[in-house]
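Everything below concerns the one structure shown next.
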Amino acid sequence: MELSKQYEPKQAEEKIYKLWKESGFFNPDKLPKRHKKPYTIVIPPPNVTGELHMGHALNSTIQDILIRTKRMQGFKALWLPGTDHAGIATQNVVEKKLRKEGKTRFDLGREKFVEEIWKWKEEYGNKILNQLKKLGCSCDWSRTRFTMDEGYSEAVKEAFLHYQKKGWLYKGKRVVNWCTRCQTSLSDLELEYMEEKGNLWYIKYPLVKIPNPKSQIPNKSKIQNPKSKTYITVATTRPETMLGDTAVAINPKDERYRELIGKKVILPLVEKEIPIIVDDLVDLKFGTGAVKVTPAHDFIDYEIGQKHKLEIVQVIDEKGKMINTPNEYNGLKALESREKIITNLQAKGLLERTEEYIHQVPKCYRCNTTIELIPSLQWFLSMKKLAKLATKPVKKGKIKFHPKSFEKPYFDWVKNMKDWCISRQIWWGHKIPIEGETDVLDTWFSSALWPFAILGWPKKTNDLKNYYPTTVLSTARDILNLWVARMIFSGLEFMKKPPFKDVYIHATVLNKEGKRMSKSLGTGVNPIDLIEKYGADATRFGLAFQIMGGQDIKFVEDNLLMGKKFCNKIWNASRFVLANKPTQINTDFGSPRSLHRFTQIKKLTAADKRILKALDRIIKSATKDLEAFEFGKTAHNLYDFFWHDFCDVYIEESKNQFTHQNFSQKNLGGRDEKTKKILLYVLSSSLKLLHPFIPFITEEIYQQLPLENKQKSLMVEKWPR
RNA sequence: GGACGACUAGCUCAACUGGUUAGAGCGUGCGGUUUACAUCCGCAAGGUUAUAGGUUCGAGUCCUAUGUCGUCCACCA
């Protein structure tokens with residue numbers, strides 16, 4: 001069969017993917033005997049919130065390159081696919097959909113609403129898996145998992161009960177980050193800080209008068225005596241929280257207020273006496289050095305409050321409205337009451353001054369609502385022991401980060417890990433496995449178990465025995481703490497082994513302007529559109545071509561066009577080789593240097609020698625560079641080798657070798673055959689090296705090559721040496 | 001406020017541990033139908049490597065400052 005004049009990705013891709021699936025080779029248990037040692041990758045499960053973006057396309061390409069390379073190198077290569085229920089995120093997208101229909105989740109009620117989300121999950125979960133297939137991913141679909149499937153729920157339950165038995169779980173009323181829209185607590189990692197212009201208000205808190213006989217005599221000394229002060233000024237960006245103040249704190253080293261320690265002030269507007277206390281946590285350089293303490297609505301204030309046994313007065317409720325305050329404020333939204341408070345303070349002459357102030361305001365990472373800090377009854381997982389577990393394997397080199405520079409920020413973060421608030425007040429997720437509890441678990445609680453729960457844990461499965469620990473985790477950097485750290489300690493805690501050996505942190509895909517690509521910013525690009533336009537191979541190659549070092553990628557379509565042209569080049573070079581094909585050859589021998597032993601040719605021309613030497617070089621460098629996660633470099637080298645060394649030079653030269661007058665008539669047949677063999681040999685070797693990057697076209701051509709011992713698929717051909 | 005990274009041709013990026021005239025792809029200009037490919041082939045133009053100093057026989061590469069951009073972290077009310 002001849003190859004058509006042009007390569008048509010669409011038809012070929014569908015046909016080839018079917019061939020792969022039917023071969024069974026996606027499942028490592030069905031690979032030929034030579035595949036022995038396991039090589040496992042678990043996919044970072046995409047959220048079922050929507051379709052895949054460029055980051056997914058990049059990461060999936062990377063993982064498929066690794067898996068396909070290792071499969072050819074004789075490993076039992078297993079790539080485990082799946083999707084994540086993504087708690088708040090998915091609940092939010094479904095709520096948004098309902099809102100368009102004029103409904104809220106409360107109209108439906110919990111059961112109906114969760115049903116709606118399951119429907120959504122079915123639709124988008126499948127869409128995502130299909131997109132991965134379109135990209136050519138060689139995942140073992142027979143092992144596909146979802147973080148809320150039946151078995152997975154068992155894993156989550158088991159983990160929770162395990163922690164409870166260890167005494168690391170506790171329920172307590174703590175100040176938590178609270179999203180007033182999602183109506184749930186959030187962990188620190190689920191916040192996004194946005195810079196906002198605000199004010200720093202300086203407010204006078206009058207001192208409680210103590211009878212002092214001297215005060216009747218006017219003090220004429222030039223040096224101001226603090227004793228003569230009648231108030232203390234505090235600075236705040238959130239005046240509304242003052243209604244819940246239960247102290248004013250100063251730094252013990254602060255000379256300015258020494259005389260005031262132990263005295264009391266009257267909390268304006270509330271007209272209640274509160275003490276002046278000292279605490280190291282107060283920064284004497286900020287504001288006036290005196291800080292109002294609101295234990296109910298601030299983390300540090302809460303801490304100070306615990307130390308000094310201060311009362312906790314909650315003045316903002318879960319809907320962001322004022323409570324427990326003087327009547328005129330009750331029921332107002334926090335911001336409304338802020339305005340009123342400022343006006344009232346001004347009227348009383350208690351507002352000393354106002355400064356403009358730019359500060360970082362925490363927002364809900366899913367719906368962008370400003371976060372309130374409120375005291376709330378939540379479940380926490382103690383991080384004392386687990387944080388140490390997360391550090392150990394990385395320190396000892398049992399888990400390596402690529403690039404290595406990510407280790408430092410990782411350690412910094414783990415060192416400061418606070419107890420993990422694992423309960424969420426939403427409806428979509430794993431219910432806390434305790435009678436009478438209605439809350440669900442943080443979505444990351446289940447993701448943390450992914451590398452072993454996906455293999456069947458807590459059951460003692462063969463898969464766990466065969467494929468855990470996994471080998472490489474390839475992921476985005478922004479979930480290093482959110483996810484990777486938690487997988488590491490979970491792996492050690494439950495499996496006694498780190499979950500993977502290498503963590504590859506891939507580039508972030510930015511647009512040409514260097515901005516993050518995102519749907520909400522309107523800068524998103526749908527990878528499926530690109531596949532339609534250029535073909536899956538060109539898309540993969542164009543992306544891989546740009547992965548240089550640890551640099552982020554500014555995505556430009558030019559590279560995909562380059563990929564498409566490259567595919568066309570490969571196609572046509574193959575047409576030439578097939579038009580000049582030798583009788584069958586066996587390519588299953590050692591290095592290009594030992595070619596002559598198998599082809600029974602002794603005399604090589606200079607061009608023959610040059611191309612064989614170049615092939616030898618590219619085999620060695622590609623093998624080494626892929627081992628080091630140098631995807632872009634490998635792609636560049638393969639490109640240069642194939643286009644220039646092979647096509648521009650050797651194929652052109654081969655035309656001369658076929659017709660050169662110096663070749664004696666009687667040798668002509670022999671020489672022709674030799675050149676044909678070299679052409680086919682170099683082409684087939686190149687296809688093997690290129691297959692991890694551009695699997696479809698290489699397979700399509702491979703199927704046409706006259707090779708001895710040909711495999712059912714290029715997927716399981718031996719990697720060249 | 002800290003940490004890290006980037007800055008090289010019009011655009012996106014290369015150049016291993018400092019070592020000839022700093023290279024590709026896209027774009028631009030000119031010219032090409034020889035056993036595949038016009039999605040091709042050949043040639044050309046285009047760079048004071050962000051700026052200023054320094055180390056060195058020699059710096060895109062090392063050091064110091066500055067600027068611009070980006071990412072992450074942080075309890076400054």
Determine the Euclidean distance between corresponding C1' atoms of B:rG27 and B:rU21; express it in Å to zero decimal places. 25 Å
Donor-acceptor contact below 3.5 Å, side chain A:Thr294 vs main chain A:Ala296: no
Please produce a list of atom pairs where a protein N or O lies less than 3.5 Å from an N or O of nucleotides 2-4 of chain B.
none

When you compare B:rU8 with B:rG60, how far apart are their C1' atoms, in angstrom units rounded to a whole number? 7 Å
Holding to side-chain contact (heavy atoms from CB on, under 4.5 Å), I want the full list of residues that pass it with A:Lys204, two or more places apart in sequence or in another chain. A:Tyr231, A:Thr233, A:Leu350, A:Glu352
From CG of A:Leu480 across to C1' of B:rC72 the rounded distance in Å is 10 Å
Heavy-atom donor-acceptor pair, A:His297 side chain to A:Ile316 backbone, under 3.5 Å: yes
Rounded distance in Å between the C1' positions of B:rG23 and B:rA45: 16 Å
If only side-chain N and O atoms of A:Lys569 are considered, is one of them under 4.0 Å from the OP1 or OP2 phosphate oxygen of B:rC41? yes
Tell me the side-chain hydrogen bond (donor to acceptor under 3.5 Å, both in side chains) pairs involving residues 635-644 of chain A, sequence neighbours left out? none
Contact under 4.0 Å: A:Tyr410 side-chain N or O vs B:rC73 OP1/OP2: no
Using only side-chain N and O atoms of A:Trp643, determine if any of them is under 4.0 Å from OP1 or OP2 of B:rC41. yes
Could you tell me how far B:rG47 sits from B:rA22 if I compare only their C1' atoms? Round to whole Å. 8 Å
Taking atom C1' in both B:rU17 and B:rA9, what distance in whole Å separates the two? 27 Å
Taking the C1' atom in each of B:rG10 and B:rC16, what is the distance between them to the nearest angstrom? 30 Å
Can you tell me if A:Lys388 has over 12 outside heavy atoms packed within less than 6.0 Å of its NZ? no
Nucleic acid contacts of residues 297-306 of chain A, taken as heavy-atom distances under 4.0 Å to RNA chain B: A:Ile300
Show the atom names and distances, to 0.1 Å, of all donor-acceptor pairs under 3.5 Å that link a side chain in residues 624-632 of chain A to residues at least two apart or in another chain.
residue	atom	partner	partner atom	Å
A:Glu627	OE1	A:Lys70	NZ	3.0
A:Glu627	OE2	A:Lys70	NZ	3.3

Which whole-number value in Å describes the distance from A:Asp283 CG to B:rA74 C1'? 13 Å
Atom NZ of A:Lys554 to atom C1' of B:rU71: distance rounded to whole Å? 13 Å
For the pair made of CD in A:Glu240 and C1' in B:rA77, what is the distance, rounded to whole Å? 12 Å
Given B:rU39, B:rA14, B:rA77, the nucleotide with the shortest approach to the side chain of A:Met548: B:rA14
Going by ring-ring contact (aromatic ring centres under 6.0 Å, His included), name the residues that satisfy it together with A:Phe489, two or more places apart in sequence or in a different chain. none
If a pair satisfies salt bridge (charged side-chain N to carboxylate O under 4.0 Å, His left out) and one of its residues is in residues 287-301 of chain A, list it, with sequence neighbours excluded. A:Asp245-A:Lys292
NZ of A:Lys633 versus P of B:rG23: gap in Å, rounded? 19 Å
B:rA38 and B:rU20, which share atom name P, separated by this distance in whole Å: 39 Å
Which residues pass the side-chain hydrogen bond (donor to acceptor under 3.5 Å, both in side chains) test with A:Ser376, sequence neighbours left out? A:Gln378
Atom CG of A:Leu482 to atom P of B:rC72: distance rounded to whole Å? 12 Å
A:Asp552 CG to B:rU12 C1', straight-line distance once rounded to whole Å: 14 Å
Within 45° cone and under 6.0 Å: A:Arg238 NZ/CZ vs A:Trp201 ring: no
Sequence neighbours excluded, which residues qualify as side-chain hydrogen bond (donor to acceptor under 3.5 Å, both in side chains) partners of A:Tyr650? A:Asp608
A:Thr675 versus A:Gln657, side-chain donor and acceptor atoms under 3.5 Å: yes
Report the distance from atom CZ of A:Arg575 to atom P of B:rU39, rounded to the nearest whole Å. 14 Å
Does the protein touch nucleotides 24-35 of chain B at the base, only the backbone, or not at all? Give it as B, S and - per nucleotide, heavy atoms under 4.0 Å. -SS--------B
Secondary-structure string, 5' to 3', Watson-Crick or G-U under 3.5 Å, | for another-strand partners, for RNA chain B: (((((((..((((.....[...)))).(((((.......))))).....(((((..]....))))))))))))....
Tell me whether the guanidinium CZ or amine NZ of A:Lys655 lies under 6.0 angstrom from the six-membered ring centre of A:Phe576 and within 45° of its axis. yes
If we take the C1' atom in both B:rC40 and B:rC7, what is their distance in whole Å? 36 Å
Determine whether more than 12 heavy atoms belonging to other residues, nucleotides or ligands lie under 6.0 Å from atom CD of A:Glu557. yes
Hey, could you give me each pair passing side-chain hydrogen bond (donor to acceptor under 3.5 Å, both in side chains) that has a residue in residues 399-412 of chain A? Not counting sequence neighbours. A:His402-A:Asp502, A:Lys404-A:Glu407
